[in-house]
Amino acid sequence: MSTFNDLTTFQQKVLKATQEIPKGKVTTYKLLCEHIKSGSPLSVGSALKKNPSVETFFCHRVIPSNFKIGGYFGKTEGSNIDLKLDRLKNEGVSFNSKGILEDKTKIHNFD
DNA sequence: AGGGTGACTGCTA
DNA sequence: GTAGCAGCCACCC
């Protein structure tokens with residue numbers, strides 16, 4: 001059982017950054033990496049795996065730069081992806097049948 | 001301490 | 001459009 005305080009500084013930066021993503025918007029691992037000015041997109045993905053609470057940190061609002069769905073709960077495919085899609089759809093972010101983000105204007109750039 | 005792994009990205013074919 | 005390969009930084013044996 002991990003807590004937020006138990007995580008590394010890098011992890012905490014990533015998780016706090018997800019809270020900056022407004023509802024109905026998403027961002028990419030690369031943009032998030034640039035925003036916190038450390039790590040690499042891969043490291044950001046690894047950080048989200050350690051997410052202590054998906055209800056507190058919106059890790060489902062982070063997708064790869066190719067606008068596909070990416071992964072969730074430590075998996076790159078499977079039913080957990082369906083949960084991620086469902087959460088996003090519930091916030092107004094829709095994906096097409098190929099799992100690609102439909103409205104790319106919903107990408108949050110940390111302006 | 002050393003090496004492998006990954007919720008990724010970019011370039012090339 | 002997809003497939004393969006190299007680079008990437010932090011994490012986990």
Side-chain angles (χ1 to χ4, degrees):
Chain A
M1 168 67 190
S2 300
T3 63
F4 180 76
N5 244 342
D6 195 50
L7 299 174
T8 65
T9 307
F10 174 74
Q11 295 276 63
Q12 297 187 10
K13 274 197 285 190
V14 173
L15 292 172
K16 278 188 288 191
T18 65
Q19 295 184 307
E20 297 181 34
I21 308 170
K23 184 182 176 208
K25 289 284 197 80
V26 293
T27 192
T28 70
Y29 297 99
K30 187 168 118 93
L31 288 173
L32 217 161
C33 160
E34 303 256 316
H35 179 60
I36 65 179
K37 296 179 175 57
S38 55
S40 70
L42 259 184
S43 312
V44 172
S46 294
L48 294 181
K49 277 199 294 193
K50 323 268 183 41
N51 188 351
S53 172
V54 298
E55 303 296 324
T56 305
F57 304 106
F58 312 122
C59 55
H60 60 275
R61 294 181 185 164
V62 186
I63 62 174
S65 63
N66 57 355
F67 305 118
K68 293 194 186 285
I69 184 54
Y72 203 51
F73 278 104
K75 299 278 200 170
T76 53
E77 57 181 29
S79 55
N80 17 27
I81 303 302
D82 192 57
L83 175 60
K84 181 174 180 177
L85 285 169
D86 198 61
R87 283 180 82 98
L88 287 172
K89 187 189 297 183
N90 190 36
E91 297 182 354
V93 182
S94 52
F95 287 74
N96 64 21
S97 55
K98 295 198 186 343
I100 312 293
L101 177 67
E102 286 282 6
D103 190 353
K104 292 173 182 132
T105 65
K106 293 188 183 303
I107 296 289
H108 179 59
N109 293 79
F110 294 103
D111 298 314

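Chain naming here is simple, since letters A, B, ... match the order of the sequence lines and numbering starts at 1 in each. This is a predicted model, so every value here is computed, not measured.
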Checklist entry - Testing A/T27, A/V26, A/I107, A/L31 for side-chain contact (heavy atoms from CB on, under 4.5 Å) with A/I21, which one passes? => result A/T27
Next on the checklist: Let me confirm one number: the OG-OH distance from A/S43 to A/Y29, rounded to the nearest 0.5 Å.
Outcome noted: 12.5 Å
Item to check | Criterion side chain to side chain donor-acceptor pair (under 3.5 Å) against A/E91, the qualifying member of A/H60, A/K106, A/K23 | outcome: A/H60
Checklist entry - Salt bridge check: are A/E55 and A/R87 linked by an N-O gap of less than 4.0 Å? => result yes
Checklist entry - Hey, does the side chain of A/N80 reach the backbone of A/K75 with a donor-acceptor pair shorter than 3.5 angstrom? => result no
Item to check | Pair A/V14-A/L7, side-chain contact (heavy atoms from CB on, under 4.5 Å): steps then yes or no | outcome: CA-CA 11 Å; A/V14 173; A/L7 299 174; over 6 Å; no
Checklist entry - Going by heavy atoms closer than 4.0 Å, what residues in residues 85-111 of chain A are next to DNA chain C? => result none
Next on the checklist: OP1 or OP2 of C/dC11 versus the side-chain N and O atoms of A/T8: is any pair under 4.0 Å?
Outcome noted: yes
Next on the checklist: Between A/K13 and A/S38, do the side chains contain a donor N or O and an acceptor N or O under 3.5 Å apart?
Outcome noted: yes
Checklist entry - Rounded to the nearest Å, what distance is computed from the NZ atom of residue A/K68 to the P atom of nucleotide C/dG1? => result 9 Å
Checklist entry - Step by step, would you call A/D86 with A/N90 a side-chain contact (heavy atoms from CB on, under 4.5 Å)? => result CA-CA 6 Å; A/D86 198 61; A/N90 190 36; 5.7 Å; no
Checklist outcome for this item: In whole angstroms, the gap separating C1' of C/dA10 from NZ of A/K37 amounts to 19 Å
Checklist entry - Along nucleotides 6-13 of chain B, 5' to 3', which nucleotides get a B, which get an S, and which get a -, given that the test is a protein heavy-atom distance under 4.0 Å? => result BBBSS---
